[in-house]
J.: 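Got a structure for you, written out below as structure tokens; questions coming shortly.
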Amino acid sequence: MKAVVCVEPGRLEAVERESPADLPEGWVRVAVSHVGICGTDYHIFEGKHPFLDYPRVMGHEVSATVLDPGTSQLVAGASVVVNPYLSCGTCVACRQGKPNCCTAIRVLGVHTDGAFCEEILLPADNLYPADGLSLEAAATVEFLAIGAHAVRRSLAPAGSRALVIGAGPIGLGTALFSRIAGHDVTLMDTSTERLAMAAERFGLVKGILAGSDAAAAVLAATGGEGFDVVFDATGYAKSMEAAFHHVAHGGALVLVSVVKEEIRFSDPEFHKREMMLISSRNATRVDFEHVMESIRTGRVPVEALVTHRTTLAHVPVDLSRWATEKSGLIKAIVRVAG
Ligand SMILES: [Zn+2]
Ligand SMILES: [Zn+2]
């Protein structure tokens, strides 16, 4: 079968590989249909991912068609969305129904070879029927589920004033699901281009430019009160630290993206607000189902999210280029088959 391998940082190669061999009990053989390219994939390509062994086949935002359902309830030919978080099923987190933060989690395309290839094997529990979704739309479900999970974690009720910091794909997904939850959403980003794109494509018209005037703009936008819930999806420690100041008294801060270094905050600033500080990691089946239902009912404009398209054969050239040419790029999708 055809596959694209990241041989080492900066080097992607299209290769011929053996199809995966024996199907383990409870696993399913699928033909990959579409794969989204994620910030994580660019990081792997650039050699910025902290714990990753090369060579690696990337790709974790996946739609597929069932080839061999094995002993599962799935049927051959069915379209599925892949949940790429492979969990152990027995650890403390898994026992609490939180496989998204399994102590032994392995993410497809990160810790184990992923979907930039024609066929993969996956546990049946990680495949969700994608009825009513196009196979391209089905490949956007995973990254949107990250935002849907963060919004669910926030517990913020309808009517909350929400600030989403970072208007990249994860931030936009968070903003869309925050709006679906009935929040009054404002975006913050360092790029006027990205804020303009969010307004134009998604009607997310309330925007604040990040920078030295941001704190004053937050107060101006909220009658001096701050936001009831703030989501940080920037991947920058400085932004996460500044976000504490944008939260209203009694409000919540949800850290969606993760950084390698420590973040610091003033305890009095945190305490006087009785702030809830929440981390959000990956997503679970509930979030995937919520995203699929939201796409089916037309509440998520997938066609406005997918700005770039390519095929498996062109991934080595196109992914290398998009790693640096980010203008106008929200989500790029690779068509493998279908
Ligand atoms: Zn991703
Ligand atoms: Zn586990």
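All ligand and atom numbering here is 1-based and tracks the order in the structure.
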J.: To 10°, measure the SG(Cys38)-the Zn ion (ligand 1)-NE2(His60) angle for me.
T.: 100°
J.: Hey, is NZ on Lys48 packed in by over 12 heavy atoms from elsewhere, all under 6.0 Å?
T.: no
J.: I'd like to know: is the Zn ion (ligand 1) within the 2.8 Å range of an N/O/S atom from Glu61, strictly under that distance?
T.: yes
J.: Could you tell me the angle subtended at the Zn ion (ligand 2) by SG of Cys88 and SG of Cys94, rounded to 10°?
T.: 120°
J.: State plainly whether the residues Lys206 and Asp184 are in salt-bridge range, i.e. N to O under 4.0 Å.
T.: yes
J.: Quick check: does any side chain N or O of Ser191 sit under 3.5 Å from a backbone N or O of Glu193, one acting as donor and the other as acceptor?
T.: yes
J.: Is a side-chain donor or acceptor of Arg201 paired with a backbone partner of Ala304 at a separation under 3.5 angstrom?
T.: yes
